[in-house]
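For ligands, and for the atoms within them, numbers begin at 1 and follow the listed sequence.
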Amino acid sequence: MTKDLWSDNYASRANGLSASEVRALFAVVSRPEVVSLAGGMPFVPALPKERMIESFNTLMADRSNLALQYSGGQGDPILREHIREIMGLEGIKSNVDDIVITTGSQHGLDLVSSLFLDPGDVVLAEGPSYVGALGVFRARQAHIEHVYTDLEGISPEALNSTIERVQAAGKKIKFLYLVPNFANPSGVTLSANRRAKVLEICRKHHILVLEDNVYGLLYFEDRAPDALRSLDEDGVIYLGSFSKILVPGFRVGYVLAPPSIREKLVLANESAVLCPSAFSQMMISEYLSNNDWKAQIEVFRGEYKQRRNAAQAAMKEFLPDLTTTNPGGGFYLWVDLPKEINSKTMLPRAVENLVAYTPGTAFYGNGTGQEYLRISYSYPTPENIRVGVQRLAKTINEELSTVKG
Ligand code: PMP
């Protein structure tokens with residue numbers, strides 16, 4: 001590492017910035033001989049590129065001066081209309097005025113955190129929770145408090161007792177961060193019954209809910225229960241994205257927030273990026289207006305379901321003694337390892353065996369989670385998923401014989 005001449009000058013919050021374990025893996029997994037079950041890459045080859053080219057040509061022919069210009073800080077009104085319809089598929093009734101377009105939902109996470117988090121504030125999150133969100137909260141010097149989560153999602157009882165414990169210790173809880181549908185990294189979905197209970201508990205304790213729902217429409221059999229936002233308009237900030245249902249490359253996400261919060265979000269958005277990319281927004285609008293986007297989401301569902309099936313079948317074939325979650329949608333399978341194994345220290349052996357995964361430790365703010373790993377099945381072919389899991393099994397067996405001596 002080169003010496004940092006400016007190390008005395010950083011703001012203290014820069015100490016919270018560190019490369020995530022997923023990011024650090026990217027260099028390794030781009031080697032073609034490695035089967036990557038690590039990063040959650042959307043399967044963009046399934047997109048009809050020729051339709052995208054048509055959208056581009058129409059946009060450039062008809063509205064290039066708008067698409068190539070600065071635009072409003074809240075985002076394109078036509079795209080916001082489309083977003084209203086998309087959110088309606090998950091039971092949400094919204095007003096276009098309450099939607100703010102962001103540069104990916106990751107940016108939405110950052111904007112909300114910039115509005116609410118002071119150093120030392122507490123954020124409640126599922127255990128495990130999305131690594132990219134944990135990174136944002138850490139960068140704001142927040143303390144992450146994980147709440148026990150099982151196959152039905154976050155536990156209402158554990159939520160209540162965690163809130164009481166944290167508040168009794170005199171700490172300020174700013175929000176509960178949830179990925180309620182086909183969660184990253186667990187694949188778990190919060191049951192309808194628990195959704196109502198979680199909201200009731202948060203209302204009682206005056207805690208905002210940050211609902212991150214980027215996978216909700218990617219279900220394989222049954223659709224997920226209605227969004228939490230559909231049950232509570234005042235207490236929930238909702239984050240969505242085009243990254244998984246269309247393209248990540250345009251970097252377009254959105255936030256639906258109660259009006260007072262939305263006003264501040266627009267100001268924070270303007271301060272960060274002036275305006276989200278007009279070009280990206282208008283490309284998406286153009287595509288949505290002239291294509292059967294629901295059929296395209298159906299295509300993605302088929303691709304991911306096939307891959308989920310391949311991952312589960314390979315786990316049964318090569319690692320029949322291990323327990324995994326049973327995702328009804330999304331990109332991820334969460335694997336419970338034999339207790340002797342540490343998924344973080346095992347990773348170099350896996351890479352030697354030409355497979356990559358994400359260690360469970362990436363998904364906890366407190367360094368725990370070594371007894372789990374995340375498999376992402378979204379991008380490799382079903383055949384490569386099988387090969388990857390076979391290599392993972394070899395790695396686990398080698399590791400077990402080493403640790404058991
Ligand atoms: N939330 C979750 C749960 C995610 O898995 C991701 C991407 N991996 C994001 C947010 C960010 O997505 P984007 O910024 O591309 O919308």
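- In this structure Glu352 satisfies the side chain to side chain contact (heavy atoms under 4.5 Å, CB included) test with no other residue, sequence neighbours excluded.
- Summarising the local packing, CD1 of Ile297 is surrounded by more than 12 heavy atoms from other residues, nucleotides or ligands at distances under 6.0 Å.
- In this structure, the ring-ring contact (aromatic ring centres under 6.0 Å, His included) partners of Tyr379, at least two apart in sequence or on a different chain, are Phe43.
- Partners of Asn65 according to the side chain to side chain contact (heavy atoms under 4.5 Å, CB included) rule, which considers only residues two or more places apart in sequence or in another chain, do not exist here.
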Could you go through ligand 1 and list every pair where one of its N or O atoms sits under 3.5 Å from a protein N or O, giving the atom names and the distance to one decimal?
residue	atom	partner	partner atom	Å
ligand 1	1 (N)	Asp212	OD1	3.2
ligand 1	1 (N)	Asp212	OD2	2.6
ligand 1	5 (O)	Asn184	ND2	2.9
ligand 1	5 (O)	Tyr215	OH	2.6
ligand 1	8 (N)	Lys244	NZ	3.0
ligand 1	12 (O)	Ser105	OG	3.3
ligand 1	14 (O)	Ser105	N	3.2
ligand 1	14 (O)	Gln106	N	2.9
ligand 1	14 (O)	Arg251	NH2	2.9
ligand 1	15 (O)	Ser243	OG	2.6
ligand 1	15 (O)	Arg251	NH1	2.8
ligand 1	16 (O)	Ser105	N	2.8
ligand 1	16 (O)	Ser105	OG	2.7
ligand 1	16 (O)	Ser241	OG	2.6
ligand 1	16 (O)	Ser243	OG	3.3

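- Annotation for Lys93: atom NZ does not count as buried by contact number, only 12 or fewer foreign heavy atoms lying within 6.0 Å.
- Using a cut-off of 4.0 Å between Lys/Arg side-chain N and Asp/Glu carboxylate O, Lys394 and Glu398 are scored as salt-bridged.
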